[in-house]
S.K.: 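Sharing a structure here in structure tokens format.
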Amino acid sequence: MRGGDVAAVQLRLKGASEAALGAAAARLAPPVRAHGASFILNDSPELAVRFDCDGVHVGQGDATAGAARAVVGSERIVGVTCHDSRDLAMSAAEAGADYVAFGAFFATATKATPYRPDLEILSIWQETMLTPCAAIGGISVENAAEVAAAGADFLAVAAGVWTWPAGPAEAVARLNAEIALGLARRPSGWAPPAG
């Protein structure tokens, strides 16, 4: 995006009607794609297909990775929230998830969650699995380097971008700089996934 690299933008409008989600997707997907990012819908594989999104992110109560993959097909992205569980993440990866997400790592007002994994789960995942992992929950400019150094391939950021005092573009630029610092602190041989 204007501030720097963004892999994907997720549309997350809890409680919105299908019509509202469709209208938002129709308006947001073209500029997201024009900047080289994927446009992902939260929660619903069926609506992700209907609204021609690039993928879907599902929580444990929404759909399994296998069920989501069956609906969206092989060309769309499937991401799965796995909280603090490597077992859930391994099951999702084996069922065809393109990425698994752990968190919330820090306090967040975006979503109430009882899960608070240690950053070590990211390092362990990197050492044992090939499927990329995302870190979610309270990710910000202040902690992005630490999270990237621990092993996150992707950082899911909401309030850390949208409430940044100097604006979202500046937040993305600062986040990219912090991620680069974190990647430089990783053990040799680690690298972010291509794309």
Side-chain angles (χ1 to χ4, degrees), residues 1-13 16 20-58 65 68-69 71-81 92-93 96-103 110 122 125-126 129-137 139-141 143-145 147-164 166-184 186 190-195:
M1 302 309 219
R2 282 187 292 195
D5 291 338
V6 173
V9 173
Q10 182 185 125
L11 177 61
R12 183 179 185 275
L13 296 173
L21 286 170
R27 183 163 185 182
L28 296 173
V32 167
R33 290 178 178 137
H35 283 91
S38 298
F39 185 73
I40 298 174
L41 185 66
N42 193 55
D43 292 345
S44 175
E46 293 81 7
L47 293 181
V49 172
R50 185 179 312 161
F51 302 147
D52 194 28
C53 299
D54 298 310
V56 65
H57 182 93
V58 293
R69 175 64 66 209
V71 171
V72 303
S74 62
E75 299 300 313
R76 288 186 170 91
I77 298 164
V78 172
V80 181
T81 295
D98 293 295
Y99 69 89
V100 297
F102 297 109
T110 304
L122 301 170
W125 186 259
Q126 286 292 348
M129 300 297 289
L130 295 176
T131 302
C133 65
I136 60 176
I139 310 297
S140 67
V141 168
N143 57 38
V147 177
D153 295 300
F154 302 104
L155 279 61
V157 186
V161 167
W162 300 114
T163 64
W164 187 253
E170 176 64 22
V172 169
R174 293 281 304 274
L175 283 161
N176 273 284
E178 292 299 315
I179 291 167
L181 290 173
L183 292 176
R186 283 189 180 183
W190 281 16

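Scope of the values below: all heavy atoms of this structure, side chains included, with no hydrogens, waters or symmetry mates. Here the structure is a predicted model, which is why all the values come from computation and not from measurement.
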S.K.: Quick check: closest heavy atoms across Pro30 and Ala26, and the distance to 0.1 Å?
M.R.: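 Minimum heavy-atom separation between Pro30 and Ala26: CD-O, 3.2 Å.
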S.K.: Can you tell me how far apart CG (Leu41) and NE2 (His57) are? Round to the nearest 0.5 Å.
M.R.: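 The distance works out to 11.0 Å.
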S.K.: What orientation do Trp125 and Phe102 show, parallel under 30°, tilted 30 to 60°, or perpendicular over 60°?
M.R.: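 Answer is perpendicular, since the angle exceeds 60°.
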S.K.: What is the distance from atom CG of Leu175 to atom OG of Ser140, rounded to the nearest 0.5 Å?
M.R.: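 So the CG of Leu175 and the OG of Ser140 are separated by 7.5 Å.
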S.K.: Do Glu178 and Asn143 have side-chain atoms, one donor and one acceptor, less than 3.5 Å apart?
M.R.: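 Short answer, no.
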S.K.: How many angstroms lie between atom CG of Leu21 and atom CZ of Arg50, to the nearest 0.5 angstrom?
M.R.: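 Between atom CG of Leu21 and atom CZ of Arg50 there are 10.0 Å.
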S.K.: Work out which heavy atom in Arg186 is nearest to a heavy atom in Asp153; give both atom names and the distance.
M.R.: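 That would be NH2-N, 4.0 Å.
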S.K.: Write down the atom of Ala93, the atom of Val100, and the distance for their closest heavy-atom approach.
M.R.: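 That closest heavy-atom pairing would be N-CG1, 4.4 Å.
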S.K.: Flag the pair Val141 / Glu170 as yes when at least one side-chain heavy-atom distance between them is below 4.5 Å, and no otherwise.
M.R.: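 Not touching, per the 4.5 Å side-chain cut-off.
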S.K.: If you compare all heavy atoms of Ile179 against all heavy atoms of Ala148, which two are closest, and at what distance to 0.1 Å?
M.R.: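 Nearest pair, atom of Ile179 first, then Ala148: O-CB, 3.9 Å.
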S.K.: Donor-acceptor pair, Arg76 side chain versus Asp54 backbone, under 3.5 Å?
M.R.: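 Side chain of Arg76 to backbone of Asp54, a donor-acceptor pair under 3.5 Å: no, none is there.
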S.K.: Between atom CG of Leu11 and atom OG of Ser44, what is the distance when rounded to the nearest 0.5 Å?
M.R.: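 With rounding to 0.5 Å, CG (Leu11) is 11.0 Å from OG (Ser44).
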S.K.: To the nearest 0.5 Å, what is the distance between CG (Leu183) and CG (Asn176)?
M.R.: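 Nearest 0.5 Å value for the CG-CG distance: 10.0 Å.
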S.K.: Once rounded to the nearest 0.5 Å, what's the spacing between atom CD1 of Ile139 and atom CZ of Phe154?
M.R.: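 If we round to the nearest 0.5 Å, Ile139:CD1 and Phe154:CZ are 14.0 Å apart.
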S.K.: Between Asp43 and Arg12 (salt bridge meaning N to carboxylate O under 4.0 Å), is one present in this structure?
M.R.: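 Result for this pair is no, no salt bridge flagged.
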S.K.: Within the 4.5 Å heavy-atom criterion, are Val9 and Leu28 side-chain neighbours or not?
M.R.: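 When only atoms from C-beta onward are counted, Leu28 and Val9 do not touch, as no gap falls below 4.5 Å.
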S.K.: So which heavy atom on Phe51 is nearest to which on Ala25, and how close?
M.R.: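 Taking every non-hydrogen atom into account, CB-CB, 4.0 Å.
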S.K.: Report yes if some heavy atom in the side chain of Val58 is under 4.5 Å from a heavy atom in the side chain of Pro45; otherwise report no.
M.R.: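 Of all side-chain heavy-atom pairs linking Pro45 with Val58, at least one is under 4.5 Å.
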S.K.: Check Ala65 against Ala92 and note the closest heavy-atom contact, atom names and distance.
M.R.: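 In terms of heavy atoms, the two residues are closest at CB-O, 3.6 Å.
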S.K.: Quick check: does any side chain N or O of Gln10 sit under 3.5 Å from a backbone N or O of Ile40, one acting as donor and the other as acceptor?
M.R.: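 Not confirmed, Gln10 side chain does not pair with Ile40 backbone.
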S.K.: Check the pair Ser38, Ile77 against side chain to side chain contact (heavy atoms under 4.5 Å, CB included), reporting the backbone distance first and the verdict last.
M.R.: CA-CA 9 Å; Ser38 298; Ile77 298 164; 3.6 Å; yes
S.K.: Sub-3.5 Å donor-acceptor pair from the side chain of Arg33 to the main-chain atoms of Ala37, do we have one?
M.R.: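 Side chain of Arg33 to backbone of Ala37: no pair is present.
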